[in-house]
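We name chains A, B, ... by the order of the sequence lines, and we start the count at 1 in each one.
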There are 2 protein chains.
Amino acid sequence: MSSKHWTDTFPPLQKLPQEIFAQLRQATLIVELPEGSRIFGPGQAPESFLLLLTGTIRVQQTSESGREIVLYRVQAGESCALTTACLMGYEEYQAEGIAETPIRAVAIPRALFDQLIATSREFRQFVFTAFSRRITNLFRVIEEVAFERIDVRLAQKLLELAGAKQQVVATHQDLANELGSAREVITRQLTEFARRGWLRVARGIVEITDRPALARLVQRS
Amino acid sequence: MSSKHWTDTFPPLQKLPQEIFAQLRQATLIVELPEGSRIFGPGQAPESFLLLLTGTIRVQQTSESGREIVLYRVQAGESCALTTACLMGYEEYQAEGIAETPIRAVAIPRALFDQLIATSREFRQFVFTAFSRRITNLFRVIEEVAFERIDVRLAQKLLELAGAKQQVVATHQDLANELGSAREVITRQLTEFARRGWLRVARGIVEITDRPALARLVQRS
DNA sequence: GAGGGTCTGTAACTAAGTCACCGAGACCGT
DNA sequence: ACGGTCTCGGTGACTTAGTTACAGACCCTC
């Protein structure tokens with residue numbers, strides 16, 4: 001292991017009372033899972049509270065007709081609100097969480113989680129903030145799915161997935177699943193974007209050539 | 001006031017430790033608001049945790065283009081998860097909460113709320129369960145907006161809004177706002193439903209005449 | 001009962017999703 | 001290298017949903 005302890009990843013945890021902090025450092029389990037693992041899903045309830053140290057978890061939903069939509073991603077340093085909710089509540093969810101990369105996470109057992117919530121104001125703040133972000137985020141997803149044009153949404157998603165890089169590695173089907181749309185629709189939009197010289201498409205790859213143009217489309221939405 | 005105390009409405013609260021329970025009964029404020037009041041909205045952060053005693057709060061979102069969608073309703077006996085999130089977290093939301101009927105609610109100040117969370121396992125369970133339900137519910141909304149046919153969604157919503165009654169008091173625009181659709185689309189669908197003899201339409205009223213037919217449409221979705 | 005506002009109906013059009021099918025490229029084993 | 005198979009991308013024809021524009025019906029108030 002490195003000399004830095006995992007708790008360094010979570011600033012809110014630094015403010016915990018000494019005895020709780022010590023307990024956290026010792027009593028918790030670090031889990032590692034390969035890319036593609038199913039972290040949770042319908043009929044697969046989580047048994048502990050998860051804090052993601054490295055990697056990304058993609059949370060998505062599949063309709064009976066087979067169409068998919070990505071709801072959100074959990075990044076390193078975040079907790080999975082859904083897991084938390086199901087840990088404390090009794091509700092079943094129908095979404096599933098997939099490891100998009102190899103992941104490393106801290107699993108806090110239910111009992112310790114409960115104790116942390118009870119004793120630490122900072123930990124409560126941390127958990128509730130995660131909830132708050134998630135719900136706000138879901139509101140935005142609903143607004144986009146309900147009201148935003150598909151070309152704008154696609155441009156937005158391409159810029160998001162590209163990050164600092166020039167290309168997005170994803171099939172048209174993958175992009176359709178991101179947006180809850182259909183493959184043919186994405187193909188058509190990408191063809192149109194390519195015709196305008198904003199990007200180039202190759203098998204499984206979208207190479208962005210005119211980032212400002214895409215950004216302008218998103219802006220003028 | 002009636003002889004029954006408001007705490008009777010919330011079974012989870014009955015299990016609180018005596019001293020906390022006593023504090024709850026005395027230190028909290030009961031607020032009453034008329035129909036149509038805006039409980040919260042963009043740039044209007046809540047100052048206390050709300051437990052709804054009577055009435056309904058409609059939580060909705062409006063796009064820049066003016067189209068609206070109803071996200072969920074808070075019923076008597078429930079807490080508003082969003083309010084809670086924003087109370088504990090720091091995130092701003094863009095949704096707004098409207099009193100659909102006159103409402104009576106208990107306002108628990110932030111400090112007492114924090115104390116309740118810290119001391120009572122049952123209260124934590126209550127709050128987290130509310131979160132859990134809400135998130136699960138939002139997932140279903142996303143799935144329906146993204147993948148469900150508008151006729152199915154309308155039939156479903158009509159049955160939901162009608163409850164045990166035979167009629168729904170709502171304009172076509174109101175129904176469009178429920179589903180995040182457009183007024184003309186609703187008019188067309190209602191006309192088609194009426195043609196099939198499933199309902200009758202009058203100004204501001206939809207009278208359901210063949211409930212099983214509507215239910216069948218929803219079922220075969 | 002005139003005039004204003006609200007609500008509903010409808011036609012023509014655009015955008016998005018569906019269905020069916022085909023062909024190009026990648027992969028794999030022999 | 002060859003053929004078989006699979007995934008991925010492209011396309012046309014069609015259906016469904018949302019948009020634009022406008023007109024008429026109803027309702028309320030003065």
To the nearest Å, give me how far apart CG (A:D151) and C1' (C:dA16) are.
11 Å
Within the structure, does a side-chain N or O atom of B:H172 lie under 4.0 Å from either OP1 or OP2 of C:dT6?
no
Of the nucleotides C:dG17, C:dG25, D:dG18, which one has an atom closest to the side chain of B:A182?
D:dG18
Separation of C:dT10 atom C1' from B:L190 atom CG, nearest Å, is 15 Å
Whole Å only: how far is the CG atom of A:L175 from the C1' atom of D:dG9?
12 Å
Rounded to the nearest angstrom, tell me the gap between atom CD in B:E192 and atom P in C:dT10.
12 Å
If you check every side-chain atom of B:E184, which of C:dT10, C:dA20, C:dG17 has the closest atom?
C:dT10
Between B:N177 (CG) and D:dG18 (C1'), how many Å, whole number?
14 Å
Have a look at B:R183 and say if it touches a base, only the backbone sugar-phosphate, or nothing, with a 4.0 Å heavy-atom cut-off.
base
Grab the CD1-C1' distance between A:I150 and D:dA17 for me, whole Å please.
13 Å
5' precedence on DNA chain D between A:V201 and A:F147 (nearest-nucleotide basis):
A:V201
B:I205 CD1 to D:dC26 C1', in whole Å, measures 13 Å
Describe, in one word, how the ring planes of B:F113 and A:F128 are oriented to each other, choosing from parallel (under 30°), tilted (30 to 60°) and perpendicular (over 60°).
perpendicular
Determine the contact category for A:E148: base if any of its heavy atoms lies under 4.0 Å from a base atom, sugar-phosphate if only primed atoms, P, OP1 or OP2 are that close, otherwise nothing.
nothing
B:A76 backbone acceptor or donor facing B:T54 side chain under 3.5 Å:
no
Could you tell me whether the phosphate oxygens of C:dA16, OP1 or OP2, come under 4.0 Å of any side-chain nitrogen or oxygen in A:Q189?
yes
When the nearest nucleotide of DNA chain D is assigned to A:A146 and to A:T171 on a heavy-atom basis, which residue is associated with the more 5' position?
A:T171
Starting at the 5' end of DNA chain C and moving along, which residue's nearest nucleotide shows up first, B:R188 or A:R67?
B:R188
Are the side chains of B:F147 and B:I142 in contact, using a 4.5 Å heavy-atom criterion?
no
Take the protein atom CD of B:Q173 and the nucleotide atom P of D:dT19, then report the distance between them rounded to whole Å.
11 Å
Any A:T187 side-chain nitrogen or oxygen under 4.0 Å from OP1 or OP2 of D:dT11:
no
I'd like to know if A:E144 pairs up with A:R153 as an ion pair, taking the criterion as any Lys NZ or Arg NE/NH1/NH2 lying under 4.0 Å from an Asp or Glu carboxylate oxygen.
no
Are the side chains of A:S48 and A:I108 in touch, meaning some heavy atoms are under 4.5 Å apart?
no
